[in-house]
Novice: 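Quick one: this structure, given as structure tokens, is what I'll be asking you about.
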Amino acid sequence: MSEPVVAPVAADNPRLPGEDVMTDDWVESCLAEASAGGEEIAAAVTSRLASLLRGALTEREQPGSERIKAAQELISLAMAREDTTEPEQ
Amino acid sequence: VRIDAIELEWFRGAADSVSLDAGDKSVVVYGLNGAGKSSFVDAVEYVLNAGRIEHLAHEYSGKRQERAVRNTHAPEDSDARFRITVADSTHVAVVIHKNGLSETSGGAAAVMTRWEYRRTILRQEEVVHFINARKGEKYSTLLPLLGLEGLEVAAENLRQLGKAVATEGQLEGLQRELKQREAERHKTFGGASDAEVVAWIERLHTKYCSGATAPEDSPSLCGNVLAAIEARVASSSADVRRHAALQEAGKVDLEPDIQAIRAHTSKLAGAAEPLIAERLEVLQASTRFGAKLEGSDEIDCPACGRLIPVEDFRAHVEVEEKRLSELIAASDSRRTSVASLCQSLSTLKASLTKPDMTSWRDSLGEGPLAQSLAYLEDFAPEDLRDSCDEGDLRDIEKRVMPLIGAARSDSEEAPPEAKELAEDKTVVVAAQDSLQAKALSCRTKRLEALVTFINRLEQRIRDQIRLRSDKVIKELSADIQALWAVLHPGEPIDDVGLYVPAGADKAIDIGLTFHGRRQESPRLTLSEGYRNSLGLCIFLAMAKRDAGEDRPIILDDVVISLDRNHRGMVQELLRQEFSDRQVIILTHDRDWFAELRQQLDPADWRFRQLLPYESPTVGIRWSDRAGGLGAARAQLAARPDAAANAARKIMDLEMATIAERLQLRLPYLKSVRNDRRTAHDFLQRLAADGKSCLQRRVSGKWEVHEEALTSIEEADRLLVSWGNRGSHSFDVVHAEAERLIDVCERALDFLKCPRCNAGIVVLDPARECVQCRCGDMRWRYGKA
């Protein structure tokens with residue numbers, strides 16, 4: 001098993017003084033690791049989550065109304081997959 | 001970026017404009033308690049914390065702290081204001097109105113808000129609080145300094161998002177329904193696969209739809225077979241039709257739904273009363289919540305109203321959420337069971353009221369079953385959806401279930417054809433339900449996959465937090481230990497540092513080795529002084545992590561509980577580790593102030609003294625001299641005797657500090673007198689030994705510093721006469737006290753080099769003498 005690696009970070013983020021933020025590469029690798037070995041996740045869902053992670057999710061605690069909106073959007077993206085085949089029972 | 005000046009006007013203790021001029025240098029400010037030192041720190045905090053000053057956050061200070069930030073005696077038409085100028089000549093100016101609303105201007109605001117409070121300002125009470133805080137609080141305090149706040153926010157947002165997806169997608173309801181359908185499928189088909197179920201229906205298609213081609217899609221296949229079975233029943237004899245209906249009625253099973261409804265009702269009823277009582281307490285607790293949260297270790301939980309520690313709050317809310325969710329789930333399940341019961345009763349009613357069943361109904365005569373049948377005919381199953389209580393369930397059990405029993409019993413004598421038709425119909429309906437559940441299953445699985453994915457993503461971020469905090473904590477701990485070693489050289493307390501307790505989430509604590517034994521907390525063994533010293537090291541290690549940027553470090557009365565030896569090492573620490581940073585020290589410890597003034601290089605440091613606070617209208621005032629006797633001079637006009645007494649006390653301290661540096665040898669005195677030397681003891685010895693030890697360089701040659709010795713002798717003489725009189729008989733006139741202060745100041749001035757403005761503080765490498773920074777004045781050890 002490979003050693004865990006501390007994520008590379010962007011150092012020049014004026015929004016969060018003294019604090020680095022997740023780079024695009026790290027967000028992508030994080031999403032890839034989270035999806036590895038699990039059920040297949042629609043590309044639109046991972047793309048939306050990546051966008052959330054790069055922005056709103058790291059800035060501040062997300063208000064309830066925004067969270068519900070994001071949840072509904074993710075559900076709708078997850079359900080909109082064309083492939084509706086169900087594993088054989 | 002360094003602070004050039006902090007100018008206050010009617011802000012906190014200040015009245016008319018008063019300015020702390022740092023001029024880009026480090027500064028030591030001395031003032032008695034209440035002199036106004038912290039007002040300057042408060043101004044910096046106000047900018048760093050967007051208008052909030054933490055130690056003023058209490059129930060009496062007002063929503064915007066307006067009752068605490070403004071001088072109590074400010075004129076009606078005057079706003080509180082301050083201006084902080086930084087070294088690049090930009091500034092931030094803040095005007096705070098009476099109602100607490102404020103206006104901020106100036107380009108330095110953007111720079112200063114990036115400094116971060118906890119990396120910039122350390123106050124004594126914060127050191128104590130941090131050391132004594134629980135490990136969760138320590139984590140919260142250090143989180144922004146570790147650079148992990150964004151990740152922590154992301155992880156928490158993902159956790160909440162996962163829950164929101166499950167709630168919005170009604171995942172629990174879907175899972176329950178799917179489970180129910182799977183149970184029904186298993187009852188009919190056992191462990192058969194979808195293909196085997198379809199093959200089964202295809203065989204029935206062949207049996208009932210002879211010659212027709214089986215449709216490829218499952219819903220049409222099932223629909224066609226079902227229609228063919230219904231047609232076959234319709235074309236059969238009356239006896240077969242009746243038995244087919246009896247078979248259908250006999251298969252209705254109300255018992256599981258009735259039992260499920262009872263179980264869920266019981267669960268809801270048991271929880272309702274305490275729940276209502278708790279919700280009432282919640283309403284009361286919520287109103288007190290805001291006020292209690294500040295400065296208290298325990299709060300009334302807004303979720304349940306119980307008194308709980310603040311750090312347990314989140315966990316407690318989670319438990320409450322889970323409890324409520326379980327009740328909601330029970331409520332949902334009950335609704336599902338009621339719906340299922342309605343469906344079963346509708347099916348039963350439809351079967352038993354068919355025209356084909358007329359003869360069966362007639363056979364029931366006038367007995368109890370006939371009454372049951374009449375009850376069923378009048379019964380509206382859909383009404384149960386609005387209200388289904390125990391009385392309804394008992395009626396159903398008493399009146400309807402015997403009908404099912406009778407139908408079941410009579411159907412046992414059905415002709416084989418009727419039995420076969422009924423069984424085949426049951427299989428097709430079950431297949432239809434099962435295959436239709438595919439879409440439900442697909443939605444459920446996708447929702448589950450989405451929630452799992454979000455949870456795993458949260459876990460990845462939590463792993464990353466752990467990795468990063470381990471790394472940062474390791475680096476920080478090395479720095480803390482290095483700083484500790486300077487403050488406590490050769491002491492049996494070492495390996496100090498931060499650690500993440502095993503198995504703990506969101507927790508940090510402080511570990512150390514005490515006389516060779518590992519300790520998990522400084523609270524187990526360390527005295528208050530040592531703990532505070534440790535807190536100072538942790539804060540300075542944090543501040544040091546910003547070594548790339550020259551920003552100020554402000555220490556407000558942080559050595560209050562350190563003993564003399566360790567306090568003395570603080571300036572050593574600052575000199576070794578922070579010589580490239582601007583440090584602003586505020587202290588009410590005159591000894592330490594005198595020591596710092598002696599030891600720190602005036603090229604890099606300024607020394608300012610505040611006068612004792614007189615009144616809010618007079619405000620904060622500086623002494624006109626940094627060197628010691630300003631506080632005495634301030635009392636000259638009103639109380640000359642008090643001024644003389646103050647001059648004597650100041651000289652006691654100043655001379656004790658100088659005597660230690662020069663290693664003056666004084667004869668031992670018995671008992672406590674040995675520790676209570678006065679300025680007279682030191683001046684006398686200084687004057688005597690100085691004839692051979694105190695030298696200055698004139699035209700490249702060393703000579704005895706006669707002027708200094710004369711001044712020292714004169715100061716000693718006046719202190720013995722007027723100083724002591726001021727202390728004991730209060731019989732000192734203005735001219736005498738003023739002369740005493742002048743002479744004492746001159747004596748202290750002579751003990752400083754006129755060229756480098758430093759005292760005699762630098763030990764020469766051969767340890768034969770101690771000298772000023774430029775080397776023009778010296779004191780030769782062992783020459784007396």
Side-chain angles (χ1 to χ4, degrees), chain A residues 4-7 9 11 13-22 26-27 29-42 45-46 49-50 52-54 56-62 64 66-81 83-89, chain B residues 110 113-116 119 144-151 153-158 160-169 182 185 191-195 197 434 438-439 441-443 445-450 452-461 463-464 466-468 470-471 545-546 549:
Chain A
V5 177
V6 174
V9 292
N13 176 30
R15 192 182 58 228
L16 299 167
E19 184 179 332
D20 42 29
V21 289
M22 288 175 275
W26 186 71
V27 169
S29 69
C30 195
L31 287 162
E33 283 174 28
S35 61
E39 290 287 331
E40 191 190 340
I41 295 295
V45 172
T46 52
L49 270 169
L52 283 170
L53 269 176
R54 286 189 206 102
L57 287 185
T58 53
E59 273 178 4
R60 63 188 156 73
E61 206 165 313
Q62 200 177 26
E66 274 183 32
R67 188 184 307 130
I68 288 170
K69 203 175 152 193
Q72 288 168 343
E73 195 182 347
L74 287 170
I75 291 170
S76 134
L77 290 171
M79 298 303 153
R81 266 169 56 189
D83 174 17
T84 56
T85 51
E86 174 69 3
E88 182 71 10
Q89 291 199 27
Chain B
T113 47
R114 291 213 303 270
W115 286 356
E116 286 181 279
R119 259 199 257 252
L145 307 180
L146 297 176
L148 302 173
E149 209 171 22
L151 285 173
V153 168
E156 179 58 20
N157 278 335
L158 282 170
Q160 298 284 359
L161 185 62
K163 284 168 70 178
V165 166
T167 308
E168 288 300 306
E182 278 169 359
R185 171 186 171 128
S193 68
D194 282 356
V197 170
S434 173
K438 198 169 176 179
S441 169
C442 181
R443 182 177 175 81
K445 284 193 172 3
R446 283 186 183 180
L447 268 176
E448 284 172 342
L450 180 57
T452 305
F453 180 59
I454 293 171
N455 291 343
R456 291 176 74 172
L457 199 52
E458 180 206 339
Q459 197 48 53
R460 297 306 306 161
I461 291 176
D463 291 347
Q464 190 60 215
R466 182 95 186 183
L467 271 176
R468 287 206 203 183
D470 282 352
K471 180 173 178 285
R545 282 179 65 80
D546 274 344
E549 188 177 354

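Note: hydrogens, waters and symmetry copies are ignored here, and every other heavy atom, side chains too, is used.
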Novice: Tell me the closest heavy-atom pair linking B:V165 and A:I75, and the distance in Å.
Specialist: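 Distance-wise, the nearest heavy atoms are O-CD1, 3.5 Å.
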
Novice: Of all the heavy-atom pairs spanning A:A71 and B:E168, show the shortest one and how long it is.
Specialist: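 So the minimum-distance heavy-atom pair works out to CB-CG, 4.3 Å.
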
Novice: Compare every heavy atom of A:M79 with every heavy atom of B:R446, then report the nearest pair and how far apart it is.
Specialist: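 B:R446 and A:M79 have their closest heavy atoms at NH1-O, 3.3 Å.
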
Novice: Does a side-chain heavy-atom distance below 4.5 Å link A:L49 with B:L158?
Specialist: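 In short, these two side chains touch, coming nearer than 4.5 Å.
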
